[in-house]
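Encoded as structure tokens, the structure appears first; notes follow it.
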Number of protein chains: 2
Amino acid sequence: MPKQVDHEQRRRVLSEAVFAVISTQGFEAVSLRDVAEQAGVSMGTVQHYFPTKQQMLSFALSHMRERVMARLQAAIAALCEPTRRDLIRAATAVMLPVDPAGREEACVNIAFFSAATVTPAYAEQLRDGYGRVLTVSVANFREAARLGELRDGIDPDVEAPALYFLTQGLIGPVLVGLYSPDQALLLVDAQLDRMFRPASP
Amino acid sequence: MPKQVDHEQRRRVLSEAVFAVISTQGFEAVSLRDVAEQAGVSMGTVQHYFPTKQQMLSFALSHMRERVMARLQAAIAALCEPTRRDLIRAATAVMLPVDPAGREEACVNIAFFSAATVTPAYAEQLRDGYGRVLTVSVANFREAARLGELRDGIDPDVEAPALYFLTQGLIGPVLVGLYSPDQALLLVDAQLDRMFRPASP
DNA sequence: ATGTTTTTAATGCGATTGCATGATAACGAC
DNA sequence: GTCGTTATCATGCAATCGCATTAAAAACAT
């Protein structure tokens with residue numbers, strides 16, 4: 001057997017190059033040559049792992065979801081004895097562009113959201129990914145309600161989507177500098193204060 | 001004197017063609033040829049009114065803001081004896097992709113938001129435009145508070161941005177079909193119910 | 001009607017694109 | 001070592017891009 005290479009791993013590395021190009025030069029500037037240069041390989045190598053540009057971008061989008069999920073799990077793992085509120089706040093902070101990694105992911109995500117309006121394949125991937133996150137978020141809120149951590153009159157099935165979409169809506173303004181990351185987190189915390197009972201002493 | 005044409009009017013018409021191309025073929029597919037064909041003119045005509053593609057897109061972005069504002073004013077004018085809540089809800093509904101016009105505007109806006117992450121000129125235009133809308137929204141909420149239409153404990157300076165960014169966050173999911181326009185409006189109404197006192201009989 | 005200027009159209013050009021092809025280098029089974 | 005397979009690379013090609021150039025058409029002052 002010939003030289004053996006982990007194809008999936010290679011594709012992930014190339015996807016990272018795609019992210020770098022998108023976040024620094026824009027989605028429309030993504031070319032096989034740029035990606036190859038960014039990854040430090042030849043264009044032929046990119047073609048070897050991705051038969052078409054479309055497949056490359058589609059893989060990159062799915063890899064992006066995995067990357068965000070990994071960062072989320074890492075953030076959660078860093079918490080010690082987290083409350084439901086801590087978990088929800090951590091998940092929110094991960095989605096906001098508060099650090100370079102988050103900013104890169106936000107740039108890439110918004111680019112694919114834009115492309116999804118005319119590319120059904122992207123739309124399906126995004127629906128699936130964000131639908132999953134939303135489901136988890138609702139489950140988290142319901143668990144918080146079951147544990148009695150929510151204030152009276154707070155409906156998990158309403159507030160979970162509300163907080164989630166509020167977070168999504170903050171991403172764009174933070175990216176273009178209309179809102180600072182701190183302002184965004186302040187707004188999120190204000191919402192959490194409204195939904196959760198004060199911590200018992 | 002020679003043939004006289006309203007340049008601004010002409011640029012607006014071409015901008016509409018730009019919108020059509022963006023919303024049907026995507027931002028990256030925008031070329032001078034496509035825009036010309038969509039507008040039913042030759043490529044030379046497009047070049048005559050827009051020396052460069054960059055200027056064309058920049059003008060289109062500023063025209064988009066005017067178009068949204070016009071649609072907002074029309075929606076408000078259609079209301080008879082509107083309350084503050086009616087005004088705020090109308091403004092929200094205009095920004096959501098609930099009809100073809102709204103959807104086209106949302107597609108174009110998200111495309112420019114994506115492009116703005118690597119094109120400071122776009123970012124500045126968007127900051128300016130969305131900052132203005134946000135200011136008006138806050139003013140509306142403050143007026144509602146002054147009139148005693150808000151529930152106790154509702155802070156206009158917190159809830160106005162919250163509702164605004166919630167709306168922004170709903171646009172993407174509605175565009176890709178994760179949320180239906182009706183669901184989005186339901187979520188908005190739930191928030192308004194939370195903020196505003198019930199209508200007095 | 002004529003001349004002048006704006007508007008519209010048509011075409012060309014260098015650069016870049018995605019993709020196909022063929023050559024080279026590297027690695028594992030024998 | 002030899003061979004066969006694979007990974008990597010370099011190059012070529014048709015198509016398309018933004019932009020420049022040039023010519024025809026149209027509309028008003030005279």
Side-chain angles (χ1 to χ4, degrees), chain A residues 1-61 63 108 111-112 114-115 118-119 121-122, chain B residues 1-61 111-112 114-115 118-119 121-122:
Chain A
M1 293 296 277
K3 184 173 170 184
Q4 206 64 352
V5 172
D6 185 340
H7 279 224
E8 285 299 305
Q9 170 63 17
R10 216 85 166 112
R11 291 199 183 94
R12 282 191 286 268
V13 170
L14 291 176
S15 291
E16 294 289 331
V18 172
F19 299 159
V21 173
I22 290 180
S23 63
T24 59
Q25 302 173 244
F27 190 81
E28 60 181 344
V30 174
S31 71
L32 300 185
R33 288 165 179 82
D34 288 344
V35 172
E37 188 185 6
Q38 177 72 37
V41 298
S42 77
M43 205 181 77
T45 300
V46 177
Q47 288 182 284
H48 180 66
Y49 291 103
F50 297 116
T52 70
K53 181 184 177 182
Q54 192 69 212
Q55 294 180 39
M56 176 181 75
L57 291 172
S58 201
F59 182 93
L61 177 52
H63 175 54
V108 173
F112 274 106
S114 174
V118 291
T119 307
Y122 296 157
Chain B
M1 291 301 277
K3 182 173 168 185
Q4 205 65 347
V5 171
D6 185 339
H7 279 223
E8 286 297 307
Q9 169 64 16
R10 215 83 167 112
R11 291 198 183 95
R12 282 190 286 267
V13 170
L14 291 177
S15 292
E16 295 288 332
V18 172
F19 298 158
V21 173
I22 290 180
S23 62
T24 60
Q25 303 172 244
F27 191 81
E28 59 182 344
V30 174
S31 71
L32 300 185
R33 288 166 180 83
D34 287 344
V35 172
E37 187 184 7
Q38 176 72 37
V41 299
S42 78
M43 205 180 78
T45 299
V46 177
Q47 287 183 286
H48 178 67
Y49 291 103
F50 296 115
T52 70
K53 181 184 178 182
Q54 192 69 212
Q55 293 181 38
M56 177 180 73
L57 290 172
S58 202
F59 183 93
L61 177 53
F112 274 106
S114 174
V118 292
T119 308
Y122 296 155

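Proteins come first, then strands; the chains are lettered A, B, ... in the order of their sequence lines, and each starts at number 1. Excluded from the calculations below are hydrogen atoms, water molecules and symmetry mates; all remaining heavy atoms, backbone and side chain alike, are included.
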Could you tell me whether the side chain of A/S23 and the main chain of A/F19 form a donor-acceptor pair under 3.5 Å?
-> yes
Is the side chain of B/T119 donor-acceptor paired with the backbone N or O of B/A115 at a distance under 3.5 Å, no angle test?
-> yes
When the distance from [atom1] of [X] to [atom2] of [N] is rounded to whole Å, what number comes out?
X: B/M56; N: D/dC17; atom1: CE; atom2: P; result: 12 Å
X: A/R11; N: D/dT8; atom1: CZ; atom2: P; result: 12 Å
X: B/K53; N: C/dA15; atom1: NZ; atom2: C1'; result: 14 Å
X: B/E28; N: C/dG18; atom1: CD; atom2: C1'; result: 12 Å
X: A/F50; N: D/dT8; atom1: CZ; atom2: C1'; result: 16 Å
X: A/H7; N: D/dA7; atom1: NE2; atom2: C1'; result: 8 Å
X: B/R10; N: D/dA27; atom1: CZ; atom2: C1'; result: 14 Å
X: B/R33; N: D/dA15; atom1: CZ; atom2: P; result: 14 Å

Hey, does the side chain of A/H48 come within less than 4.0 Å of D/dA7's phosphate (OP1/OP2), counting only N and O?
-> yes
Closer than 4.0 Å, any side-chain N/O of A/S42 to the OP1 or OP2 of D/dT8?
-> no
Is there side-chain contact between A/L61 and A/V108, with at least one heavy-atom pair below 4.5 Å?
-> no
Is there side-chain contact between A/R12 and A/F59, with heavy atoms separated by less than 4.5 Å?
-> yes
End axis versus end axis in the helix from C/dA1-D/dT30 to C/dC30-D/dG1, the angle rounded to 10°, five pairs used at each terminus = 10°
May I have the step-by-step check of side-chain contact (heavy atoms from CB on, under 4.5 Å) for B/E28 and A/V30, ending in yes or no?
-> CA-CA 10 Å; B/E28 59 182 344; A/V30 174; over 6 Å; no
Review item, nucleotides 20-22 of chain D N/O atoms under 3.5 Å of protein N/O:
unit_1 : atom_1 : unit_2 : atom_2 : d
D/dA20 : N7     : B/Q47  : NE2    : 3.3
D/dA20 : N6     : B/Q47  : OE1    : 3.1

Between A/F112 and A/F27, does a side-chain contact (heavy atoms from CB on, under 4.5 Å) hold up when you go through it step by step?
-> CA-CA 8 Å; A/F112 274 106; A/F27 190 81; 3.9 Å; yes
Check the side chains of B/Q54 and B/Y122 for a donor-acceptor pair under 3.5 angstrom, ignoring hydrogens and angles.
-> yes
Steps toward side-chain contact (heavy atoms from CB on, under 4.5 Å) verdict (B/Q25, A/V118) = CA-CA 6 Å; B/Q25 303 172 244; A/V118 291; 5.6 Å; no
Mind checking B/Y49 for me? I need base, sugar-phosphate or nothing, with any heavy atom below 4.0 Å counting as a touch.
-> sugar-phosphate
Tell me what A/V35 touches on the nucleic acid: a base, only sugar-phosphate, or nothing, going by heavy atoms under 4.0 Å.
-> nothing
Does atom CD of B/E37 have more than 12 heavy-atom neighbours from other groups under 6.0 Å away?
-> no
